[in-house]
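Below you'll find the structure, written out as structure tokens, and then a few comments.
Only heavy atoms go into these numbers, but all of them, side chains included; no hydrogens, no water, no symmetry mates.
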Amino acid sequence: MNLNVTTADWYAVAPLAIVAGTGLLVLLADLFARTHVNRYAAIVLAALGIAVAMADCAAAYGHDYAAFGGAFIVGGFGVVFQEIVLIAALGSVVLYGAIGNPDRVGGAIALMLWSASGAMLMSGAGSLMTIFLGIELLSLALYCLCGLADRPTARESAFKYLILSSVASGFMLYGMALLFGASGSVALTDLTNPALATNPLLWIGAGLFLVGISFKLSLVPFHAWSPDVYEGAPLPVTAFMSVATKAGTLAIFARFIYAALPSGVAERLLLPVWIVAAISMIAGNVGMLAQHDLKRLLAYSGIAQVGYILAALAGGTALGMRYAIFYLAAYTFMNLGAFAVAALLSDDGEQGSRLANYRGLAQKSPLAAAMMTFFLLALAGLPPTAGFLGKILILSTSVTTGYAWLGFALIAGTAISLYAYAKVIRAMYERNEHAHTHEAHPFVPLAWASAIVCVVIVIALTFYPLTPSNVLPLVR
């Protein structure tokens with residue numbers, strides 16, 4: 001590959017560099033700040049860095065450019081996914097205002113920012129090497145973040161994530177090696193050669209690659225790690241993982257199926273993925289029914305939600321891509337909002353993650369109960385919420401592209417989820433004088449602000465469904 005690096009190439013990766021550099025600044029500030037202010041110094045610095053990166057990233061929208069010889073691609077598609085990752089990072093960072101040992105907050109936020117830069121790299125990846133680099137940068141920081149809480153389950157979650165994610169990365173890397181063997185190049189654009197459609201290396205390599213993707217997306221049957229890891233990780237880390245890992249991996253998956261497969265291959269190769277997506281819609285919602293921990297419940301919810309998003313991509317249409325991005329954006333704010341409400345009820349013990357502590361919540365904190373109810377109804381897809389609108393759009397594109405059976409799975413999964421979410425809502429509005437309900441933590445202004453902002457944005461998306469154009473992924 002002839003690689004002539006120009007100033008434009010460095011500008012293309014400037015948002016990633018800003019986020020990664022902010023992580024270094026947070027560490028330096030943590031060294032010199034006093035103990036009682038280092039928590040807020042880290043949060044403020046991280047928020048400012050993320051805001052600058054978001055502005056810089058937004059400026060690239062509509063300006064398609066293949067940087068570093070096509071290894072990193074800037075354009076509407078990459079910008080949208082990078083913005084979602086940055087929103088997830090910002091929404092998770094502010095939760096450290098209520099949770100976490102002040103001595104560790106700076107290091108945790110720095111790791112989260114570096115992990116976010118990995119997800120952003122995945123969003124614009126145009127080569128197999130860039131994809132793997134982004135995945136590892138995202139994952140390595142998350143291994144550390146998952147084990148930062150002072151409880152045995154945190155160490156267990158970090159170990160499980162390390163082992164299982166490494167196995168999945170092995171599948172993906174072997175698949176990439178076979179794809180390289182088929183095309184003779186690491187560039188995704190070279191996979192589009194029609195002559196490769198009959199090459200067995202392409203089929204086997206793409207299959208192994210998709211196994212790794214399925215693990216990262218927590219699709220059935222590669223989902224078993226997700227509830228355990230979510231439960232053991234600190235609450236802000238779980239909030240970040242629930243969105244950022246999905247956004248980065250969905251960006252890779254979408255670019256791969258839309259722009260990197262030879263003509264005639266996608267329909268047959270991807271059929272198992274669509275079947276797994278349909279099973280995930282059902283299994284994820286069924287898994288929610290027996291949960292007694294909010295983080296585990298939202299982990300199973302996330303399994304189903306990814307299935308919904310993949311249903312929009314199944315037809316391979318531009319409209320399906322736009323609807324998938326809309327639903328992912330709505331899911332981002334619905335999920336971050338639910339975690340923000342949990343932070344209102346938590347200190348370092350994370351009482352807000354246990355569903356038993358929501359019993360009778362409406363009696364002690366009506367606003368917190370109302371916001372959690374709103375987010376759960378939106379995740380369930382009840383009208384009038386952005387979740388309902390997103391599911392209607394996905395259902396319409398599934399039917400028009402010949403994947404009506406995915407639409408039926410969506411409807412069935414939604415019906416099952418209603419019972420799981422309704423159990424939590426009913427518990428919050430029960431009147432029980434002896435119910436054990438944890439009082440709201442006295443020092444959570446950032447969590448309150450985050451929850452309220454998420455409510456406002458979800459309502460705005462309901463009445464103004466923003467589905468940006470110019471979001472088809474490119475490889476050249």
Side-chain angles (χ1 to χ4, degrees), residues 84 87-95 97-99 226-227 230-231 233-247 284-285 287-288 291-306 308 327-346 350-359 361-362 365-382 385-388 390 417-418 420-429 438 440-441 444 446-459 461-462:
I84 290 174
I87 290 169
L90 180 60
S92 304
V93 162
V94 299
L95 298 186
I99 296 170
S226 182
Y230 278 34
E231 180 183 13
L235 194 144
V237 177
T238 306
F240 176 75
M241 289 178 64
S242 69
V243 176
T245 55
K246 291 180 177 63
N285 287 311
M288 284 197 295
Q291 302 309 313
H292 301 285
D293 182 275
L294 179 70
K295 291 191 287 186
R296 292 184 66 89
L297 184 144
L298 292 178
Y300 278 105
S301 172
I303 294 167
Q305 304 290 342
V306 169
Y308 303 152
Y327 193 82
L328 177 62
Y331 169 75
T332 296
F333 290 104
M334 293 185 292
N335 224 44
L336 290 177
F339 279 109
V341 175
L344 301 178
L345 311 176
S346 300
E350 296 190 6
Q351 293 86 345
S353 68
R354 292 190 286 275
L355 293 181
N357 291 330
Y358 288 83
R359 196 175 306 278
L361 177 62
S365 183
L367 181 56
M371 289 192 295
M372 181 59 87
T373 299
F374 175 75
F375 292 128
L376 293 179
L377 292 179
L379 286 168
L382 288 183
T385 64
F388 171 76
S417 72
L418 291 175
Y421 293 124
K423 286 200 306 181
V424 182
I425 296 171
R426 177 182 177 183
M428 287 192 292
Y429 287 91
H438 186 72
H441 196 275
V444 288
L446 291 177
W448 275 107
S450 178
I452 292 171
V453 167
C454 287
V455 168
V456 171
I457 293 178
V458 172
I459 292 173
L461 288 174
T462 304

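- Taking CE from Met334 and CG from Leu298, the interatomic distance works out to 11.0 Å, rounded to the nearest 0.5 Å.
- Here the side chain of Ser365 pairs no donor or acceptor atom with the backbone of Leu361 at under 3.5 angstrom.
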Stepwise side chain to side chain contact (heavy atoms under 4.5 Å, CB included) test for Leu297 and Tyr421 | CA-CA 9 Å; Leu297 184 144; Tyr421 293 124; 4.0 Å; yes
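- Heavy-atom minimum distance, Val341 versus Ala451: CG2-CB, 4.2 Å.
- Taking OG of Ser450 as the reference point, atom CG of Leu90 lies at 7.5 Å (rounded to 0.5 Å).
- Between Lys295 and Thr238, the shortest heavy-atom distance links the atoms CD-OG1, 3.6 Å.
- Expressed to the nearest 0.5 Å, how far CE of Met288 lies from CZ of Arg296 amounts to 13.5 Å.
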Enumerate, atom names and distances included, each donor-acceptor pair closer than 3.5 Å involving a side-chain atom of residues 369-376, sequence neighbours excluded.
from: Thr373; atom 1: OG1; to: Ala369; atom 2: O; distance (Å): 2.8

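- A distance of 9.0 Å separates CZ in Arg426 from CZ in Arg359, rounded to the nearest 0.5 Å.
- Judged by distance alone, the side chain of Ser417 and the main-chain N or O of Asn285 form no donor-acceptor pair under 3.5 Å.
- At least one donor-acceptor pair under 3.5 Å links the side chain of Thr462 to the backbone N or O of Val458.
- By the side chain to side chain contact (heavy atoms under 4.5 Å, CB included) test, Ala239 is found to be paired with Ser92, Leu95, Leu336, Phe339, residues two or more places apart in sequence or in another chain being considered.
- Under the 3.5 Å distance criterion, the side-chain polar atoms of Gln305 are matched with a main-chain donor or acceptor of Leu379.
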Pair Leu377-Ile425, side chain to side chain contact (heavy atoms under 4.5 Å, CB included): steps then yes or no | CA-CA 9 Å; Leu377 292 179; Ile425 296 171; 3.7 Å; yes
Take Leu344 and Trp448 through the side chain to side chain contact (heavy atoms under 4.5 Å, CB included) test and state the conclusion after the steps.
-> CA-CA 7 Å; Leu344 301 178; Trp448 275 107; 3.5 Å; yes
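- With contacts defined as side-chain heavy-atom distances shorter than 4.5 Å, the pair Ile84/Leu328 qualifies.
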Side chain to side chain contact (heavy atoms under 4.5 Å, CB included) between Val243 and Ile87, intermediate numbers included | CA-CA 9 Å; Val243 176; Ile87 290 169; over 6 Å; no
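- Residues Tyr230 and Asp293 have side chains not in contact (no heavy-atom distance under 4.5 Å, counting atoms from C-beta outward).
- For the atom pair Arg354 CZ and Glu231 CD, the distance stands at 10.0 Å (nearest 0.5 Å).
- Annotation for Pro227 and Ala299: closest pair CA-CB, 3.7 Å, computed over non-hydrogen atoms.
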